[in-house]
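Working notes for the structure below.
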Amino acid sequence: MSSNLPLPQLRAIASSFAILGNFLGAQPYGNGHINDTFAAIFDQGGVRVRYILQRINDRIFREPVKLVENIAHVTNHIRGKVEALGAPETSRRVLTLVQTWHGENYHQDSDGHIWRCYVFVEGARSYDIIETTDQAFQAAKAFGEFQRHLMDYSGPRLFETIPRFHHTPSRLENLKRAIEADVRNRASQVKAEIACALSMEPLAHSLLSLVERGEIPERITHNDTKLNNILLDDISGEGMCVLDLDTVMPGLSLYDFGDMVRTVTNPVAEDEPDASKVQVQVPMFQAIAKGYLEGTGGALLPAERERLVVAGKLLTYECGMRFLTDFLEGDHYFNIRRENHNLDRCRTQFALVRSLEENEERLMAFIQTLQ
Ligand code: ADP
Ligand code: GN1
Ligand code: MG
């Protein structure tokens, strides 16, 4: 989601990037929760060509210039891989940063905010709710391939854009601090959600303890593999382009798989006000497990495969806690569009964790069939 900006301001920003032709207009675009995203249209020799303009959220990403440089390194590496594979339409398969007329990967506006510009990937779309198991498979396969492409990344060390991003025990500590401070006097309204979050504390340590024991490796991961961060081709349905590279940094493959479980197996929107509609879709889970294993091309260790279900529970729990914390703190992190928006989001997440627990044996039994 994006706030609106006056057209002359958007025109000035768009004109700082090395785009030929005439600026026709720009509109807020997409359903992201973090950055301000616009689709800008240019007339290039009689053809209307779109670009994505994004103002990076610098309350969340404190070093936006280093973040854009990360993205340049990652996209250059993946472009090399895609080209080596001989895949057609490279600029639809990896994000392409458009440079400014000065040859920079970003533009700084008069208020000091950092903007970037991407080639718009046409003929593909992102989904907030999945429709078919094939879409689930394709999305997971593409996120798996993304992970595989980064396994031999040897460019400059990537900057950690949000420290401890998936350190779930820290997320729980943040929640406890928010409950204690209760700056908006909201804690009494959410006693059940607080109790639920606290009762699941052991889950918070489930993957970190494996990393500490050296059982699962750190890799370069995406870390925000929600469904609307991938574009599926309109015609073939293939997972075309992985988006939202702001949190690409060292992490666990299981974080990427877990966030897909969170967003793909839920049959309703993340912000559905009636959490009783949340019920894990087992065939969707099966499709992403198959797709991710295929995309990663056999690179996942048995210790990782065994934790695919736990990862889903963990990432969903973590996200639910983050929404609850933001609700208690007055909604300053995630973009909201209505009262109690973060609370509705938190409730769907906790309902999904419960449903994953209820179906755990079935899901685990399916994973065994894949090994
Ligand atoms: P946020 O960090 O706020 O989630 P994203 O980078 O995910 O921002 O972008 C928001 C939305 O904009 C995406 O979900 C997608 O629909 C759309 N989008 C982003 N980049 C492109 C692109 N290069 N081509 C087409 N659509 C894009
Ligand atoms: C945010 O940027 P977006 O909308 O793709 C958030 C994710 C959350 C997600 C919940 C940088 O993702 O971590 O899981 O919302 N991104 C950041 O919908 O915090
Ligand atoms: Mg996004």
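Hydrogens, waters and symmetry mates play no part in the numbers below; they use all other heavy atoms, side chains included. Indexing begins at 1, ligand by ligand and atom by atom, following the structure's order.
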From atom 23 (N) of ligand 1, work out which of V119, N335, D36, I34 has a heavy atom at the shortest distance. V119

Ligand 1 contacted by R125 (non-hydrogen, < 4.0 Å): no

Could you tell me how the ring of Y153 sits relative to the ring of H77: parallel (under 30°), tilted (30 to 60°) or perpendicular (over 60°)? perpendicular

Counting backbone and side-chain atoms alike, is an N, O or S atom of N35 positioned under 2.8 Å from the Mg ion (ligand 3)? no

Hey, is K226 touching ligand 2 through its side chain, its backbone, both or neither, going by heavy atoms under 4.0 Å? side chain

With respect to atom 6 (C) of ligand 2, which of F323, F334, Y255 exhibits the smallest heavy-atom separation? F334

Going by atom types only, do N174 and R171 share a side-chain donor-acceptor pair under 3.5 Å? no

Have a look at ligand 1 and work out which part of D224, if any, has a heavy atom under 4.0 Å from it: side chain, backbone, both or neither. neither

Classify the contact between T263 and ligand 2 as side chain, backbone, both or neither, using a heavy-atom distance cut-off of under 4.0 Å. neither

Is the distance from the Mg ion (ligand 3) to the nearest N/O/S atom of D244 under 2.8 Å? yes

Give the single entry among L243, L97, L245 that approaches atom 15 (C) of ligand 1 most closely by any heavy atom. L243

For the 3.5 Å polar cut-off, considering only N or O atoms, please tell me whether Y333 and ligand 2 meet it. yes

Specify side chain, backbone, both or neither for I52, according to which of its non-hydrogen atoms lie closer than 4.0 Å to ligand 1. side chain

Nearest to atom 16 (O) of ligand 1 by heavy atom, G30, A39, S126: which? S126

If the threshold is 4.0 Å, N to carboxylate O, is there a salt bridge linking R338 and D331? no

